[in-house]
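The structure presented is a predicted model; accordingly, all values stated were derived computationally and were not measured. Hydrogens, waters and symmetry mates play no part in the numbers below; they use all other heavy atoms, side chains included.
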Amino acid sequence: LALSLVLVFSVAGCTANKIAVVNPARLFQESDSGKAGFEHLKQLETAMQEQVTVAQGMLEKSPNDEALRSRFQKTFSGYQQLVNDEQQKVVTKINDLVQKSLDAYRTQKGYTVIINSDGLLSYDPKADVTTEIIAEMNRTPVTFEPVKLEEIAPAKGQEAPQKDAAKSEPSGTSVKK
């Protein structure tokens, strides 16, 4: 970090440098896009948990059915891959928006550099532009497409456990300003 600051100052020469800091965790936690991404993943997790409950009920009725157990293991392995893929999509989409917002704000306000506040030992709180970057991010709507899970269905001759109007497709989340 110290080397980075030395390079920033040496490249710019004697001109005055404007430096700001930002807290990346707050960008994810407090921005509309970060909240929407979290909600999207939470809905996917809820839908997946509903399917796990259905599968557990079916396995309780047929504890010795290895074909059923194998089918569920394969399905849940697919679910885990789907969740991992969705997490990556959400993080990538938000990271792209963070970078776009940082670049726009830095250019608009004439900053030389905006530095991650994590790891800085000391800085003037007036240099923290996190709230302004969140506002910049909130100007760009972000949506996440709903994800369809493969439903757990009983094999012919079996009955699925009853649930309270379970949905296997979480609704998409969207943020619009």
Side-chain angles (χ1 to χ4, degrees), residues 1 21-104 114-120 128 130-131 133-177:
L1 179 62
V21 298
V22 70
N23 179 331
R26 281 189 54 211
L27 299 180
F28 274 81
Q29 294 166 353
E30 297 176 23
S31 68
D32 291 343
S33 57
K35 291 174 186 176
F38 176 77
E39 183 61 29
H40 172 71
L41 294 173
K42 189 170 135 185
Q43 288 176 357
L44 179 58
E45 181 183 327
T46 298
M48 192 171 88
Q49 186 57 47
E50 288 172 355
Q51 293 303 306
V52 167
T53 301
V54 169
Q56 287 173 335
M58 292 171 66
L59 284 171
E60 286 173 6
K61 289 182 178 180
S62 304
N64 298 323
D65 188 339
E66 289 304 317
L68 185 64
R69 185 175 307 280
S70 176
R71 185 176 124 219
F72 290 161
Q73 286 174 342
K74 182 178 177 183
T75 299
F76 293 119
S77 176
Y79 282 179
Q80 189 58 50
Q81 184 60 48
L82 181 71
V83 168
N84 290 342
D85 291 348
E86 277 305 301
Q87 286 174 334
Q88 188 61 43
K89 286 178 190 175
V90 167
V91 168
T92 297
K93 194 175 252 193
I94 296 171
N95 275 340
D96 290 348
L97 178 59
V98 165
Q99 190 61 53
K100 178 181 164 190
S101 299
L102 285 168
D103 290 343
I114 298 177
I115 300 172
N116 181 338
S117 64
D118 293 345
L120 294 179
D128 189 336
T130 304
T131 300
I133 300 300
I134 291 169
E136 181 74 27
M137 290 174 67
N138 289 347
R139 286 193 257 288
T140 303
V142 175
T143 59
F144 300 96
E145 296 299 318
V147 176
K148 177 81 170 142
L149 293 179
E150 175 186 336
E151 285 194 40
I152 301 295
K156 290 185 179 183
Q158 286 185 324
E159 193 177 304
Q162 296 299 314
K163 294 190 46 83
D164 297 337
K167 292 186 231 174
S168 65
E169 184 177 334
S171 62
T173 39
S174 103
V175 177
K176 294 185 181 168
K177 287 271 168 187

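In this structure a side-chain-to-backbone donor-acceptor pair under 3.5 Å is present from Thr46 to Lys42. Remark: the backbone N or O of Asn138 is not paired with any side-chain donor or acceptor of Asp32 at under 3.5 angstrom. Judged purely by atom type and a 3.5 angstrom limit, Ser117 has no side-chain atom pairing as donor or acceptor with the backbone of Val21.
Side chains of Gln88 and Asn84: a donor-acceptor N/O pair is absent below 3.5 angstrom, by distance only.
Note that the CG atom of Leu44 and the CD atom of Glu39 stand 11.5 Å from one another [nearest 0.5 Å]. Interatomic distance, Met48 CE to Gln80 CD, rounded to the nearest 0.5 Å: 5.5 Å. Between Met58 atom CE and Leu68 atom CG the span is 5.0 Å, to the nearest 0.5 Å. Atoms CZ and CG, on Arg71 and Leu59 in that order, are 9.5 Å from each other to the nearest 0.5 Å. Taking CG of Leu82 as the reference point, atom CD of Gln87 lies at 10.0 Å (rounded to 0.5 Å).
Qualifying side-chain hydrogen bond (donor to acceptor under 3.5 Å, both in side chains) partners for Glu30, counting only residues two or more places apart in sequence or in other chains: Arg26. Judged as a salt bridge (charged side-chain N to carboxylate O under 4.0 Å, His left out), and not counting sequence neighbours, Glu45 has no contacts. By the side chain to side chain contact (heavy atoms under 4.5 Å, CB included) test, Ser70 pairs with no residue at all, sequence neighbours left out. Residues meeting the side chain to side chain contact (heavy atoms under 4.5 Å, CB included) test with Val91, sequence neighbours left out: Asn95.
For the pair Ser31 and Ile134, the tightest heavy-atom approach, listed with the atom from each and the gap, is CA-CG2, 3.9 Å. Ser33 and Val142 get closest at one heavy-atom pair: CB-CG2, 3.6 Å. Residue Gly37 comes nearest to Val90 through the heavy atom pair CA-CG1, 3.7 Å, listed as atom of the first residue, atom of the second, then distance.
Within the structure, ring pair (Phe, Tyr, Trp, His ring centres under 6.0 Å) contacts touching residues 55-76 (residues at least two apart or in different chains) are Phe76-Tyr79. The salt bridge (charged side-chain N to carboxylate O under 4.0 Å, His left out) analysis of residues 80-92, with sequence neighbours excluded, yields the pairs Glu86-Lys89.
You'll find the side chain of Ile133 reaches within 4.5 Å of the side chain of Leu102, heavy atoms only.
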